[in-house]
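Step one of this worksheet: look at the structure below.
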Amino acid sequence: RSAEPKVNLGTRESSRIVRALLVTQNAGRRWTQRELLQECQPGVSIGLVNKVVSFLRGQAFVKDHEESGFRLHDPLGLLAVWRAAYRFDRHQRRGYFTLKQGRQLKEALESLESITGGHAAYAAFSAAEFQAPHVRQPKTWLFVGAEWEDEFRAAVEAKPVDSGESLVLLIPDDDGVFYLQEGGAERLACTNAVQTCVDLCHCGSRGEEAAEALLEQNLKPAWKARGFKL
């Protein structure tokens with residue numbers, strides 16, 4: 001067996017590749033390296049795609065397809081390895097307080113969708129409430145692109161606070177977190193369930209418990225429906 005290239009799956013660029021392979025919307029898809037490259041833009045090179053795919057093939061996370069290209073083979077194994085490498089601490093976390101609650105808050109957040117052009121989404125615990133209702137907690141967690149923080153503040157009439165936050169704002173290290181968001185009727189979209197799961201594992205509190213619920217209720221059934229044996 002030839003020496004496998006050492007690959008850090010925790011970088012922004014590698015994360016884009018792994019995320020594209022893992023999201024349930026792409027489950028069962030047959031890829032070429034060029035197609036995977038297109039899916040991961042901007043900022044990913046064909047050289048990196050080649051290196052990551054070679055590494056994943058060596059670990060049996062992906063397998064070559066009999067006709068051509070390759071497919072994801074072991075989503076659970078790849079998710080576990082990515083989760084361990086993922087750098088949640090690279091996102092900036094900011095506490096905000098707003099008097100808006102319930103429907104009022106939901107409507108204000110929904111307005112961010114068009115304002116930011118998709119660079120805002122429910123994240124972590126708040127995304128999980130839509131994707132696998134299990135852990136209830138009082139704060140609203142969001143990813144908002146750095147350039148839209150002022151618009152977010154204005155839309156929800158929020159003030160930055162050092163304690164007693166009602167909103168946890170995450171400024172993403174990379175826009176890849178917004179890849180294949182999951183929309184809903186009359187609400188802001190959520191991060192895709194794979195992204196939600198990985199973020200939850202690093203949130204502390206009851207994040208791991210919520211991630212496990214999301215895995216059991218959402219990700220595993222979706223992968224099984226696409227023919228994966230888990």
Side-chain angles (χ1 to χ4, degrees), residues 15-16 18-29 39 72 74-84 86-88 91 93 101-103 105-114 116 118-145 152 156 166-228 230:
S15 287
R16 283 183 176 235
V18 174
R19 190 186 287 111
L21 288 168
L22 279 176
V23 293
T24 56
Q25 296 96 316
N26 291 340
R29 180 171 170 178
E39 204 71 20
L72 178 64
D74 178 8
L76 284 179
L78 181 54
L79 179 65
V81 169
W82 187 41
R83 190 173 63 202
Y86 181 74
R87 292 287 305 279
F88 184 75
H91 307 310
R93 178 174 168 166
Q101 291 178 343
R103 175 168 289 282
L105 178 59
K106 190 176 154 197
E107 286 172 359
L109 290 172
E110 192 199 348
S111 72
L112 288 174
E113 193 118 359
S114 54
T116 67
H119 287 80
Y122 285 114
F125 291 102
S126 298
E129 279 178 21
F130 296 109
Q131 292 166 329
H134 174 69
V135 177
R136 289 258 169 247
Q137 54 86 54
K139 295 174 187 175
T140 300
W141 292 66
L142 303 158
F143 269 122
V144 176
F152 151 78
V156 297
S166 61
L167 299 163
V168 178
L169 182 69
L170 300 169
I171 305 289
D173 173 54
D174 178 59
D175 284 348
V177 301
F178 299 117
Y179 177 69
L180 288 185
Q181 294 174 4
E182 296 176 8
E186 297 180 7
R187 66 161 171 82
L188 184 64
C190 298
T191 52
N192 71 67
V194 166
Q195 182 70 45
T196 305
C197 186
V198 171
D199 287 326
L200 280 169
C201 290
H202 296 270
C203 280
S205 164
R206 294 173 70 190
E208 296 219 0
E209 188 185 322
E212 194 57 36
L214 184 60
L215 192 59
E216 294 300 329
Q217 294 174 38
N218 183 312
L219 291 172
K220 281 186 180 178
W223 282 325
K224 279 179 182 163
R226 298 294 181 90
F228 287 101
L230 304 177

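The figures that follow rest on heavy atoms only: side chains count, while hydrogens, waters and symmetry mates do not. Just so it is clear, the structure is predicted and the values come from calculations on it, not from any experiment.
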When rounded to the nearest 0.5 angstrom, what is the spacing between [atom1] in [X] and [atom2] in [Y]?
X    : Y    : atom1 : atom2 : value
K220 : L76  : NZ    : CG    : 5.5 Å
E113 : H119 : CD    : NE2   : 12.0 Å
E209 : L214 : CD    : CG    : 12.5 Å
Q181 : T196 : CD    : OG1   : 10.0 Å
D175 : F143 : CG    : CZ    : 10.5 Å
L219 : T24  : CG    : OG1   : 6.5 Å

Within a 6.0 Å radius of atom CD on E208, are there more than 12 heavy atoms belonging to other residues, nucleotides or ligands? no
Greater than 12 external heavy atoms within 6.0 Å of Q25's CD: yes
Kindly give the heavy-atom pair with the smallest separation between [X] and [Y], and that separation in Å.
X    : Y    : value
G145 : F178 : N-CZ, 3.8 Å
C201 : A211 : SG-CB, 3.6 Å
A121 : C190 : CB-C, 4.0 Å
T191 : Q131 : O-NE2, 2.7 Å
E39  : A20  : CG-CB, 4.0 Å
E182 : N192 : OE2-CA, 3.6 Å

Is there a donor-acceptor pair closer than 3.5 Å between any side-chain N or O of [X] and the backbone N or O of [Y]?
X    : Y    : result
Q195 : Y179 : no
H202 : G207 : no
R226 : G28  : no

Determine whether V194 and W82 satisfy the following criterion, side chain to side chain contact (heavy atoms under 4.5 Å, CB included), listing intermediate values before the conclusion. CA-CA 10 Å; V194 166; W82 187 41; 3.7 Å; yes
Close side-chain approach of [X] and [Y], heavy atoms under 4.5 Å:
X    : Y    : value
L170 : D199 : no
L215 : W223 : yes
R93  : W141 : yes
R29  : L72  : no

Begin with the C-alpha distance, continue with both residues' side-chain angles, and end with the deciding distance and a verdict on side chain to side chain contact (heavy atoms under 4.5 Å, CB included) for V198 and F88. CA-CA 9 Å; V198 171; F88 184 75; over 6 Å; no
With side chain to side chain contact (heavy atoms under 4.5 Å, CB included) as the criterion, how do T140 and L109 come out once you've worked through the C-alpha distance, each side chain's angles and the decisive distance to 0.1 Å? CA-CA 10 Å; T140 300; L109 290 172; 3.9 Å; yes
Output yes when R16 and D174 qualify as a salt bridge under the 4.0 Å nitrogen-oxygen rule, no when they do not. yes
Carboxylate-amine/guanidinium proximity below 4.0 Å for R103 and E107: yes
Measure from NZ or CZ of R187 to the centre of the six-membered ring of Y122 and say whether it is under 6.0 Å with the direction within 45° of the ring axis. no
Assess the residue pair L142 and L188 against the criterion (side chain to side chain contact (heavy atoms under 4.5 Å, CB included)); give the C-alpha distance rounded to whole Å, side-chain angles, the decisive distance to 0.1 Å, and a yes or no. CA-CA 10 Å; L142 303 158; L188 184 64; 3.8 Å; yes
